[in-house]
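Before any comments, here is the structure.
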Amino acid sequence: MTIPPDAQDIAHFRALIAIHLGLQIDDAYQDLLARLLRTRSALCGSVTRYFDRFADEAWLQSELPLLARELTVTETYFFRNTDQFAAFSALVLPRVLAARGTGCRILSAGCASGEEPYSLAIAAREGFPEDSDLVEITAVDINPIALGKAAQGRYSNWSLRDTPKSIKDKWFTTDGSDYVLDAGVRRAVRFTAGNLAREDRTFWQPSRFDVVFCRNVLMYFCPEQAREAIDRITRVLTPGGYLFLGHAETLRGLSNDYQLCHTHGTFYYRRKAERSDATIADERSEVLRRDASAMSNDTSWVDVIRRASERISTLTRDSRVPGLPERTEAVPLDLTSALECVRGERYGEALRHIADLPREHANDADVLLLKAVSLSHSGALEQAESVCRELLARDGLNTGAQYVLAVCREAVGDVSGAVEHDQAACYLDPGFAMPRLHLGLLARRQGDSVAAVRELSQAAHLLQREDPSRVLLFGGGFKREALVAMCRAHCDAMGVQV
Ligand SMILES: C[S@@+](CC[C@H](N)C(=O)[O-])C[C@H]1O[C@@H](n2cnc3c(N)ncnc32)[C@H](O)[C@@H]1O
């Protein structure tokens with residue numbers, strides 16, 4: 001009789017999977033984990049002996065792919081999120097070729113059964129038909145079954161569901177119900193087994209690639225493992241190189257080494273040249289933001305800021321951040337007075353307090369954001385925009401700057417610019433309520449009631465849990481309840497109750 005693994009064993013197994021494969025397996029898959037642990041540990045004689053083997057590197061090399069075979073989601077298809085391939089071939093590839101003067105080196109990380117890297121090879125050939133050796137694609141995945149399928153280059157019609165007929169006709173031949181990929185396209189991609197969750201210095205070498213596609217992989221990772229995987233990707237990506245993530249994934253909270261870019265209706269990232277002082281300042285501001293959101297909705301913002309500022313000064317005093325100039329004496333950042341003015345809608349006075357802050361804090365991300373908000377409310381739109389752009393140059397993933405830019409753009413009549421910045425803020429932080437509210441109001445003004453109701457009802461929902469500091473900073477003087485009521489009133493007026 002086999003003894004089922006107990007809850008503690010399953011929890012330990014889940015932790016090992018997180019560490020070694022990066023995967024966050026949720027509670028719904030408890031039975032699958034139990035079954036897998038039972039079959040895998042049976043070969044070692046006991047669960048304890050099986051767990052002990054995880055310390056053996058050589059054994060892990062063969063065990064992890066077997067676990068990945070059962071635990072990974074390998075759903076993919078050719079030209080998935082077509083807009084990203086359009087951005088790649090119309091903009092990214094020509095830029096890389098112009099900059100390097102030679103071929104473009106691409107990594108498809110988490111390539112599954114090959115549809116993504118092969119789509120890149122086809123897109124390159126379509127864009128530059130005269131040069132078939134233009135791209136050199138490395139495709140890596142942990143799942144051996146998916147890699148085996150990729151090597152065959154043989155697909156069902158379902159894998160080509162988003163592929164235009166002209167591309168199908170040109171790059172595939174049919175064999176019964178299968179589509180067989182052109183041999184030249186297949187030769188353009190080198191498949192290799194690899195694990196994004198583990199260090200491997202021979203693979204993750206600096207500046208090996210100009211472009212990385214890592215789509216719909218990190219969404220299955222634990223936050224810490226996702227951060228480490230992005231660190232590896234950043235290492236192999238040349239400075240100024242391009243990174244594409246899946247539509248539901250963002251780098252926010254994972255890395256400060258990138259700028260957000262937008263073209264052809266899609267978002268992607270560009271690696272910054274170096275880790276700058278601004279990046280370090282933003283890391284401190286991230287600490288501030290996290291502290292603020294960890295507190296309850298009823299905590300006063302001033303209190304939040306005071307505690308977070310204290311924590312930041314402790315951090316900078318106790319541990320030197322690499323790259324930050326050495327300080328003889330840390331001057332704590334105190335935004336209390338400026339924030340009190342924002343709370344009381346005295347924006348001119350807030351700006352005077354900001355101007356009086358110690359010079360070393362003048363370019364802190366949170367100071368710049370407060371300044372941009374105060375300037376925009378004072379009607380100094382051009383200056384507000386310029387502060388936002390300065391902030392985005394330092395932290396391309398700053399959602400607050402994107403939102404303030406959206407408000408400024410709208411004020412000068414540039415609705416499409418406003419929508420673009422709101423969408424960037426929503427993409428970077430799907431929990432940010434204000435850009436949704438703004439998008440809803442813009443849509444209503446444009447007469448698009450379907451989009452207006454969708455955005456406003458989403459905003460009403462998000463506002464209930466919105467960070468108090470963001471309600472204060474971006475709420476335009478309205479309290480949380482008033483903003484929710486505003487969303488509901490607009491939806492009511494369009495005949496929908498939310
Ligand atoms: C949903 S597919 C994405 C395929 C393709 N990138 C796309 O967007 O269509 C996710 C792939 O990531 C792979 N994967 C998951 N964890 C991995 C890891 N630790 N190392 C390498 N690949 C991994 C899975 O095996 C799977 O093939």
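Order of appearance sets the numbers: ligands from 1, and atoms from 1 within every ligand. Side-chain atoms are counted along with the backbone in the values below, which use heavy atoms only and exclude waters and symmetry mates.
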Closest approach of any protein heavy atom to atom 14 (N) of ligand 1, naming residue and atom: Ile142 CG2, 3.8 Å

Geometric class of the Tyr118/Tyr155 ring pair [parallel <30°, tilted 30-60°, perpendicular >60°]: perpendicular

Parallel, tilted or perpendicular, as decided by the 30° and 60° cut-offs, for the rings of Phe54 and His20: tilted

Check ion pair Glu57-Arg198 (N to O, under 4.0 angstrom): yes

Glu70/Arg35 ion pair, N-O < 4.0 Å: no

Nitrogen or oxygen atoms of Arg80 and ligand 1 under 3.5 Å apart: yes

Heavy-atom check, side chain of Ser113 versus side chain of Thr76, under 4.5 Å: yes

N or O contact, Gly110 vs ligand 1, cut-off under 3.5 Å: yes

Protein residue, atom and distance nearest to atom 3 (C) of ligand 1, heavy-atom basis: Arg215 O, 3.5 Å

NZ/NE/NH1/NH2 to OD/OE distance under 4.0 Å, Arg105 and Glu136: no

Atom 11 (C) of ligand 1: the protein heavy-atom neighbour that sits closest, reported with distance to 0.1 Å: Asp141 OD2, 3.6 Å

Phe213 touching ligand 1 at heavy-atom level, < 4.0 angstrom: no

Check: Tyr77 N/O within less than 3.5 Å of ligand 1 N/O: no

Flag, side chain of Arg232 to backbone of Leu196, donor-acceptor distance under 3.5 Å: yes

Heavy atom of the protein closest to atom 16 (N) of ligand 1 (residue, atom name, distance): Phe221 CE1, 3.6 Å

Under-4.0 Å salt bridge between Arg470 and Asp429: yes

Within-shell test, Gly194 vs ligand 1, heavy atom, strictly < 4.0 Å: yes

Atoms in ligand 1 with a heavy atom of Asn216 nearer than 4.0 Å: 1 (C), 2 (S), 3 (C), 7 (C), 8 (O), 10 (C)

Under 4.0 Å to a heavy atom of Ala112 - the qualifying atoms of ligand 1, by number: 4 (C), 27 (O)

Distance filter under 4.0 Å to Thr72 heavy atoms, resulting ligand 1 atoms: 15 (C), 24 (C), 25 (O)

Contact atoms of ligand 1, heavy-atom distance to Glu116 under 4.0 Å: 5 (C), 6 (N), 7 (C), 8 (O)

Atoms of ligand 1, numbered as shown, that sit under 4.0 Å from any heavy atom of Val217: 12 (O)

Any N or O of Tyr220 closer than 3.5 Å to N or O of ligand 1: no

Protein residue, atom and distance nearest to atom 1 (C) of ligand 1, heavy-atom basis: Val73 O, 3.2 Å

Closest protein heavy atom to atom 9 (O) of ligand 1, given as residue, atom name and distance to 0.1 Å: Thr76 OG1, 2.6 Å

Whether His438 and Tyr403 hold their rings parallel, tilted or perpendicular, with breakpoints at 30° and 60°: perpendicular

Check ion pair Arg215-Glu116 (N to O, under 4.0 angstrom): yes

Salt bridge (charged side-chain N to carboxylate O under 4.0 Å, His left out) evaluation trace for Asp257 with Lys272: CA-CA 6 Å; Asp257 292 322; Lys272 289 184 203 163; over 6 Å; no

Short N-O contact, Arg161 and Glu115, less than 4.0 angstrom: no

Sub-3.5 Å N/O-N/O distance, Leu196 and ligand 1: yes

Interfacing atoms of ligand 1 (cut-off 4.0 Å, heavy-atom, Asn195): 18 (C), 19 (N), 20 (N)

Residue Leu21 vicinity, atoms of ligand 1 by number, heavy atom under 4.0 Å: 19 (N)

